[in-house]
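The structure under discussion appears below in the form of structure tokens.
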Amino acid sequence: MASALDSATEKLASLDIGGSAPNLQKNLHLLSTEQIQLAKIMLETGQSHLFEHWAEPGVDDEEKKAFFDQVSRLNSSYPGGLASYIKTARELLAESKAGKNPFDGFTPSVPTGESLNFGDDSFISFEESGVKEARRAAFVLVAGGLGERLGYNGIKVALPRETTTGTCFLQHYIESILALQDASSKLASGERQTRIPFVIMTSDDTHSRTLELLESNSYFGMEPSQVKLLKQEKVACLDDNDARLAVDTRNKYRIQTKPHGHGDVHSLLYSSGLLKVWHDAGLRWVLFFQDTNGLLFNAIPAALGVSATREYHVNSLTVPRKAKEAIGGITRLTHADGRSMVINVEYNQLDPLLRATGYPDGDVNNETGYSPFPGNINQLILELGSYIEELTKTGGAIKEFVNPKYKDASKTSFKSSTRLECMMQDYPKTLPPSARVGFTVMEPWLAYAPVKNNPEDAAKVPKGNPYHSATSGEMLVYRANSLILRKAGIQVADPEQQVINGQEVEVWPRITWKPKWAITFTDIKSKVSGSCSISQRSTLVIKGRNVFINSLSLDGALVIDPVDDAEVKVEGSVVNKGWVLEHVDYKDPSVPEELRTRGFRINKIEELEKK
């Protein structure tokens, strides 16, 4: 041990740190062998400024050790360590300063994909295939964010998906996975019951609160052993074009850090060893999704069916997008040297790229009324075998980018520190040309209702554009459920137009059901019969698995909550005062945040409850 320490000290001495880091030299005796090696990396990569403000030995010694604890975490959590991070940062910062276009030499074209129409024979067939495959899938939720941007101080997955039942996003996701698990196992007759793995990527901000939400709710019915939390570490901030690491302004013995982006999910899965465990267990698919899209699981079974049928290595779930709409487009890029890839291109890059490569009008709508480049909604389905093969080559590292905010046109200094970032959907950038990369287009009403804007920002959205707020997110859940039941033969009344939280929204009947009642359209059709009708002011809540609706006329509130999933047949006329939407002021601090963000509460005046 002593000789190793002496050897490391000698190596450090050979760097001539007396001139570059005299304060580090004085404190060398405090450091372990590993810490001296880390100090060597810091000096070799031009980070001697980190030690300029270090105190004399005997002062702040514990803080100095804590500094190297942080450096150790930053080094071990990044593929290739800090030396690789700093090297990549310098390259990307140089390209940014030079104004290099990452798409130079590439020509865009429309890739191959599958466009689905809800409820037709093709959709139903893909849904059935997807349910069969679900028992061979793992689900990964990227949930590193807080709800501050929404005007909510908790974690986003704790927000209600809808306030009729108060079911939060995380509960809905888990119950949807369990419903798929049950449905898939029933189709695999004779085989043992499968438990679908569920991974949640958390951050320092969300980890403990996500765990608390799960534990305090008994994991919402899922076996705790099915759930794994992987915590994402932050990355070091960069002060200048030389990639000098930024000192934390609150503590001279800390490096300033910021989130690296949700692309970290790939390296976390790789380093965790879970991918090999899943592969050895016979799993075939990994599905990635983000934290606040309340309609996602309407699309999952059919999209998984597309992946299996078309044998896609990568399948991006998409929605039709209007030309120039502020959502990235899935695009095939072909380079002059023959390279080709299918990736997400951000909307502000797609239009100029098209104009520069022979499309003078840029991103325009075609005869369908939409851009031919479908809108990326950051939900991915990856084939596990090829995924492991690729990550074995890359260590899970995803192509990064840097976005410094320069003080002026000289691009010599930053307004504030920056960092490298990576995105989950950029995984295909390193794939070989032989990779089968496609997409599945779903109708937006069915599959896309993200919640990411606070009331003030949502109210500023130009008329006709999506609000992406808690208000619109909840209303779109009711709209989707109403349209699905219409497609199944129920007469569902048209919506009312209301302005809530400054947003003009459609208020449909408040219809919601547990995923165990129906996870596919075929399930719904099998449980609805006769001539049924639901008025606009009505509320319908289905909580049981074996609930059958026959010739029901509903004008009020009906809650069906059977004991132990007993079979319940609902028919006849139900009329009562119902549950009423009451507007609330989003600036009123006496109203709970989760209600203020959506601008209404539900006053439960009268209902019929069937057990």
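Just the heavy atoms: all of them, side chains too, but no hydrogens, waters or symmetry mates, feed the values below. Residues: numbered from 1 along the sequence shown.
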Could you walk me through whether Leu268 and Val265 pass the side chain to side chain contact (heavy atoms under 4.5 Å, CB included) test, one step at a time? CA-CA 5 Å; Leu268 282 171; Val265 69; 5.6 Å; no
Run the ring pair (Phe, Tyr, Trp, His ring centres under 6.0 Å) test on Tyr427 and His313 for me, step by step, so that the C-alpha distance in whole Å, both residues' side-chain angles and the decisive distance to 0.1 Å come before the verdict. CA-CA 11 Å; Tyr427 162 74; His313 293 143; over 10 Å; no
Salt-bridge contact [X]-[Y] (side-chain N to carboxylate O under 4.0 Å):
X	Y	answer
Arg545	Asp182	yes
Arg486	Asp494	yes
Asp104	Lys100	no

Closest contact, heavy atoms only, [X] versus [Y]:
X	Y	value
Val235	Leu420	CG2-O, 3.9 Å
Ser176	Pro515	OG-CG, 3.4 Å
Val110	Pro372	CG1-O, 3.4 Å
Ala299	Ala447	CB-CB, 3.7 Å
Gly395	Pro79	O-CG, 4.1 Å
Pro374	Val441	CB-CG2, 4.0 Å

Take atom [atom1] in [X]; do more than 12 heavy atoms of anything else shown fall under 6.0 Å from it?
X	atom1	result
Glu91	CD	yes
Glu128	CD	no
Lys231	NZ	yes

Can you pull out every side-chain hydrogen bond (donor to acceptor under 3.5 Å, both in side chains) where at least one residue sits in residues 110-127? Sequence neighbours excluded, please. Glu114-Arg310
Determine whether a donor-acceptor pair (N or O, by modelled atom type, separation under 3.5 Å) exists between the side chain of [X] and the backbone of [Y].
X	Y	result
Trp445	Leu476	no
Gln232	Gly261	yes
Asp426	Ile343	no
Asn293	Ala449	yes
Ser472	Ser469	yes
Thr107	Thr357	no
Thr206	Ala143	yes
Asn365	Ser371	yes
Arg332	Ser340	no
Asn376	Gly328	no

Would you compute the distance between atom [atom1] of [X] and atom [atom2] of [Y] and round it to the nearest 0.5 angstrom?
X	Y	atom1	atom2	value
Ile388	Lys393	CD1	NZ	13.0 Å
Thr471	Glu504	OG1	CD	13.5 Å
Ile200	His207	CD1	NE2	10.0 Å
Arg161	Glu474	CZ	CD	9.5 Å
Lys452	Gln290	NZ	CD	8.0 Å
Thr597	Asn501	OG1	CG	7.5 Å

Between [X] and [Y]: side-chain donor-acceptor atoms closer than 3.5 Å:
X	Y	result
Glu383	Trp285	no
Tyr478	Thr164	yes
Gln181	Thr194	no
Arg598	Thr163	no
Thr165	Thr167	yes
Ser526	Asp523	no

Quick one: are [X] and [Y] in side-chain contact, heavy atoms under 4.5 Å?
X	Y	result
Met341	Pro428	no
Trp517	Ile524	yes
Leu214	Ile174	yes
Tyr467	Asn453	no
Leu296	Leu317	yes
Ile327	Ile377	yes
Asn481	Trp513	yes
Glu400	His260	yes

Please work out which of the three classes, parallel, tilted or perpendicular, describes the rings of Phe169 and Tyr173, given edges at 30° and 60°. tilted
Does the pair Ile484 and Phe118 meet the rule for a side chain to side chain contact (heavy atoms under 4.5 Å, CB included), with working shown? CA-CA 9 Å; Ile484 290 169; Phe118 176 76; 3.8 Å; yes
Criterion side chain to side chain contact (heavy atoms under 4.5 Å, CB included) on Phe288 and Gln379, from CA distance to verdict: CA-CA 6 Å; Phe288 296 84; Gln379 325 293 337; over 6 Å; no
For Arg284 and Glu133, run salt bridge (charged side-chain N to carboxylate O under 4.0 Å, His left out): C-alpha distance rounded to whole Å, both residues' side-chain angles, the deciding distance at 0.1 Å, then the answer. CA-CA 8 Å; Arg284 190 181 172 196; Glu133 288 294 318; 3.7 Å; yes
Under the side chain to side chain contact (heavy atoms under 4.5 Å, CB included) rule, what do Thr331 and Leu350 come out as? Steps first, then yes or no, please. CA-CA 9 Å; Thr331 309; Leu350 180 58; 3.8 Å; yes
Lys322 and Asp363: salt bridge (charged side-chain N to carboxylate O under 4.0 Å, His left out), yes or no, with the steps? CA-CA 9 Å; Lys322 292 288 186 181; Asp363 185 21; over 6 Å; no
Evaluate ring pair (Phe, Tyr, Trp, His ring centres under 6.0 Å) for Tyr387 paired with His266, printing each intermediate quantity in order. CA-CA 9 Å; Tyr387 184 45; His266 301 295; 5.7 Å; yes
Taking the six-membered ring for Trp and the single ring otherwise, decide whether the centroids of Phe139 and Phe198 are under 6.0 Å apart. no
Pairing residues for Asp280 by the side chain to side chain donor-acceptor pair (under 3.5 Å) criterion, not counting sequence neighbours: Lys276
